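These notes concern the structure reproduced below.
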Amino acid sequence: MLDFIKIKNDLESSFNRKKSEGVDVDININVINEDNGKFSVSVFNERCFVNNQHLPNADITVGFLDKDTMIDMFTKGSNPTALVLSGKMTFNGDMSKGRSIKGLFMK
């Protein structure tokens, strides 16, 4: 089971406000092998909001095979193309907005 509170705290504490200037994106996240693996992340006005449910109109939807892959993607800057090609991640939505989140959760 996904520990949503820990994920929320980890993402919010590692959020790099400086890199978020000009970023406005809503992301729905699916962690496939977790019972409660659906949540969302919104970044706008140099702030980050992590919600325990999906947004009705997200710019991007990403799916991860497991929570470790999701954490690596957001906080360690794993290569998203390599993750997609290896089948560990799926991506649907606005590719340019997807690029805007690179490094947002790395200090």
Side-chain angles (χ1 to χ4, degrees):
M1 182 173 244
L2 189 70
D3 184 349
F4 174 75
I5 300 299
K6 181 175 178 355
I7 298 295
K8 176 180 171 46
N9 289 338
D10 287 351
L11 289 177
E12 289 176 348
S13 68
S14 66
F15 180 67
N16 188 330
R17 187 175 180 160
K18 206 173 201 180
K19 286 196 172 209
S20 73
E21 189 174 314
V23 175
D24 182 1
V25 64
D26 292 321
I27 309 161
N28 281 338
I29 299 168
N30 295 315
V31 182
I32 298 164
N33 290 328
E34 297 291 336
D35 290 334
N36 61 338
K38 293 185 178 189
F39 64 98
S40 62
V41 176
S42 296
V43 176
F44 59 93
N45 293 334
E46 297 178 26
R47 297 182 69 201
C48 171
F49 302 92
V50 182
N51 221 325
N52 66 350
Q53 58 190 5
H54 275 182
L55 300 165
N57 296 311
D59 300 303
I60 301 167
T61 299
V62 289
F64 296 97
L65 190 59
D66 55 46
K67 67 180 175 186
D68 293 333
T69 302
M70 185 261 311
I71 291 167
D72 286 350
M73 173 62 194
F74 281 106
T75 64
K76 296 180 183 173
S78 293
N79 182 334
T81 304
L83 291 175
V84 169
L85 292 175
S86 67
K88 293 181 179 181
M89 183 179 104
T90 60
F91 180 95
N92 293 305
D94 186 334
M95 189 67 80
S96 65
K97 288 205 175 204
R99 285 189 206 105
S100 73
I101 65 171
K102 187 167 179 68
L104 282 183
F105 299 94
M106 298 169 58
K107 290 212 175 197

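All figures in this text were calculated on a predicted structure; none of them were measured in a lab.
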task = With the side chain counted from C-beta on, respond yes when Val43 and Phe15 share a heavy-atom pair under 4.5 Å apart, and no when they do not.
result = yes

key: Set of residues satisfying side chain to side chain donor-acceptor pair (under 3.5 Å) with respect to Lys88, sequence neighbours excluded   = none

ask   = Tell me, do Ile71 and Ile7 make a side-chain contact under 4.5 Å, heavy atoms counted?
value = yes

query = Taking all non-hydrogen atoms of both residues, which atom of Pro80 and which atom of Met89 are closest, and how far apart?
reply = CB-CE, 3.7 Å

inquiry  = Considering only residues two or more places apart or on different chains, which pairs with a residue in residues 31-43 satisfy salt bridge (charged side-chain N to carboxylate O under 4.0 Å, His left out)?
reply    = none

query = Any side-chain heavy atom of Met1 within less than 4.5 Å of one from Asn36?
reply = yes

task = Check whether any side-chain N or O of Asn33 sits under 3.5 Å from a backbone N or O of Leu65 as a donor-acceptor pair, and report yes or no.
result = yes

Same cluster (ILVMFWY, side-chain, under 4.5 Å), Phe74 and Phe4 = yes

request  = Could you list all the salt bridge (charged side-chain N to carboxylate O under 4.0 Å, His left out) pairs where at least one residue sits in residues 4-17, not counting sequence neighbours?
outcome  = Lys6-Asp10, Lys8-Glu12, Arg17-Glu46

request  = Applying side chain to side chain donor-acceptor pair (under 3.5 Å), name anything that partners Asp94, two or more places apart in sequence or on another chain.
outcome  = Ser96

Can I get a per-line list of side-chain donor-acceptor pairs under 3.5 Å for residues 53-64, giving both atom names and the distance, sequence neighbours left out?
| from | atom 1 | to | atom 2 | distance (Å) |
| --- | --- | --- | --- | --- |
| His54 | NE2 | Ile29 | O | 3.0 |
| His54 | NE2 | Asn30 | OD1 | 3.0 |
| Asp59 | OD2 | Asp26 | N | 2.8 |

request  = Might you point out which heavy atoms bring Leu11 and Phe105 nearest each other, and give the distance in Å?
outcome  = O-CD2, 3.3 Å

key: Of Val50, Asn51, Asn52, the residue whose pairing with Ser40 passes side-chain contact (heavy atoms from CB on, under 4.5 Å)   = Asn51

inquiry  = By the salt bridge (charged side-chain N to carboxylate O under 4.0 Å, His left out) test, which pairs, at least two apart or in different chains, include something from residues 65-79?
reply    = Asp72-Lys76

